[in-house]
Amino acid sequence: MASEGSGGTAFRRLMAWLTGLVVSAVITTAVGVWVTNAIQQESGEQKNSADAPEISVDPGAGEAGQPFEVTGSAFAPGEKVELYWPGGAAEDIILGTDTADAEGNVSFSPTVPDSAEVRAEPYMLFAQYNDGANRAQRAFMVGEWDSQEDEGESAPALSLAPGNGSPGSLTTLTATGFTPGELIDVYWYSNRYDEAGGGWYGEWLQMNTETVLVDETGGFSLTLQVPAESDPGYPYAESIVAAGSDGQDYAETSYSVYGE
C-alpha cells in the first residue's frame, strides 16, 4: 500500500507540473499576441507591409467594355497570379493570368466586364495565387468617375487617423481635393472568414447615415466606427472609399483591423 501511495503522489506531482507548463504556454501566447497588437497599433504599423502583395489600377474607374491596366508587386516569383472581377451571386470573373517575374511583378490589360453595372459602391478587384492564400485587392468604380489630378487642382485623397484599431473603435476620415459642394457617400470593405467555405470574403458597408457635403476648400471630415463585422484575423488592410453621389470624384485609403 505504501508503494501505491508514493506512486499516486508522484503521479499527482507530474500532472501538476504538466498543467503548469500548459497554463504557462497559454499565458505566454496570449501575452505575446496582446503585446504584438499593442506595438502594431501604437506604432501605426499597417498590415499591408512591404512584403505583402499589392496591385494598382489605372484608371481606377470606367464603363463596361473599357480597357484598363493593372500592375502588381511583391508576389512570389514564378507563381501564376489570377486577376478577378467580383461576380456577386454568380461566380467571380477571371480577367487574366500572369506569372510573377523574378522581382514578383505582374501586369494585366483587361476590360471592364459587360455585366458591370453603374452603382453607388465600388467593385473590389483582387489578384491572388496559392488558392487565395495570398492576395491583393483594389476598388474599381463603374461609371464616369474622376480620381485623377485635374489641371490646377489636386487629386481627390483620403487619410485616416488613426490608421489601425479594433472592431468598434473610432477613426477620423479626412478628405482633400474633392469638388466643392459635391455630395459624398463613404463605403468600407469589411472582410470576414467563411467557416463553412473555408475562405475570406468581403462586403461593402455604407458608413455615413447622411450624405456628406464637401466644403469650399474641397475637403470634409467624418468620424467612422470600425465595423463590428471586420475580422481582426484578416491578414491585409481593409479598403475605405469616398465617392460622389453624382458620379464625380472618388478616392480610396486603407485601415488595418487588429484584435483587442
Side-chain angles (χ1 to χ4, degrees), residues 36-37 39-61 70-75 83-84 86 104 106 120-128 132-141 145 147-148 154-178 184-193 200-208 212 219-244 249-259:
T36 298
N37 281 335
I39 291 174
Q40 288 172 326
Q41 294 187 46
E42 181 67 24
S43 64
E45 180 181 339
Q46 297 294 305
K47 287 186 177 181
N48 284 6
S49 65
D51 297 329
E54 292 185 351
I55 58 172
S56 59
V57 181
D58 183 29
V70 178
T71 56
S73 60
F75 288 90
L83 179 67
Y84 287 88
V106 294
E121 69 272 19
Y123 289 84
M124 182 61 81
L125 304 182
F126 59 96
Q128 67 179 31
N134 301 87
R135 65 187 295 169
Q137 58 190 29
R138 182 68 65 179
F140 188 95
M141 302 296 298
W145 297 82
S147 65
Q148 308 301 315
S154 299
L158 301 174
S159 63
L160 285 165
N164 52 61
S166 58
S169 59
L170 300 179
T171 182
T172 300
L173 177 70
T174 302
T176 59
F178 284 76
I184 300 293
D185 287 320
V186 178
Y187 299 91
W188 189 302
Y189 195 72
S190 175
N191 294 276
R192 65 290 307 263
Y193 191 76
W200 292 98
Y201 71 99
E203 177 186 9
W204 286 108
L205 303 176
Q206 186 166 351
M207 301 302 292
N208 55 303
V212 181
F220 66 87
S221 180
L222 185 66
T223 299
L224 305 178
Q225 185 173 37
V226 180
E229 299 89 342
S230 293
D231 191 332
Y234 186 68
Y236 307 115
E238 299 194 324
S239 294
I240 295 87
V241 166
D249 303 320
Y250 85 96
E252 181 179 6
T253 188
S254 61
Y255 186 93
S256 295
V257 181
Y258 296 107

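Residue numbers start at 1 and run along the sequence shown.
Partners of Y193 by ring-ring contact (aromatic ring centres under 6.0 Å, His included), not counting sequence neighbours, listed by chain and number: W200. For the side-chain hydrogen bond (donor to acceptor under 3.5 Å, both in side chains) test, no residue two or more places apart in sequence or in another chain qualifies with Y187. Listed by chain and residue number, S166, V226, Y255 satisfy the side-chain contact (heavy atoms from CB on, under 4.5 Å) test with S169 (two or more places apart in sequence, or in another chain). Applying the salt bridge (Lys or Arg N to Asp or Glu O under 4.0 Å) test to E238 and every residue at least two apart in sequence or in another chain returns nothing. With sequence neighbours left out, the salt bridge (Lys or Arg N to Asp or Glu O under 4.0 Å) criterion links E203 to R192. For the side-chain contact (heavy atoms from CB on, under 4.5 Å) test, residues two or more places apart in sequence or in another chain that qualify with A127 are I55, F75, V81, L83. T176 is linked by a side-chain contact (heavy atoms from CB on, under 4.5 Å) to A157, counting only residues two or more places apart in sequence or in another chain. In terms of the side-chain hydrogen bond (donor to acceptor under 3.5 Å, both in side chains) criterion, residue partners of T71 (sequence neighbours excluded) are, by chain and number, S56. Scanning for side-chain hydrogen bond (donor to acceptor under 3.5 Å, both in side chains) contacts around S159 gives an empty result, with sequence neighbours left out. Q225 is linked by a side-chain contact (heavy atoms from CB on, under 4.5 Å) to L170, counting only residues two or more places apart in sequence or in another chain. Judged as a ring-ring contact (aromatic ring centres under 6.0 Å, His included), and not counting sequence neighbours, the contacts of F220 are F178.
E229 and S190 are not linked by any side-chain donor-acceptor pair at a separation below 3.5 angstrom, with hydrogens and angles left out of the test. Between the side chains of N191 and D231, not a single donor N or O lies within less than 3.5 Å of an accepting N or O.
A centroid separation of less than 6.0 Å is found between the aromatic rings of F126 and Y84.
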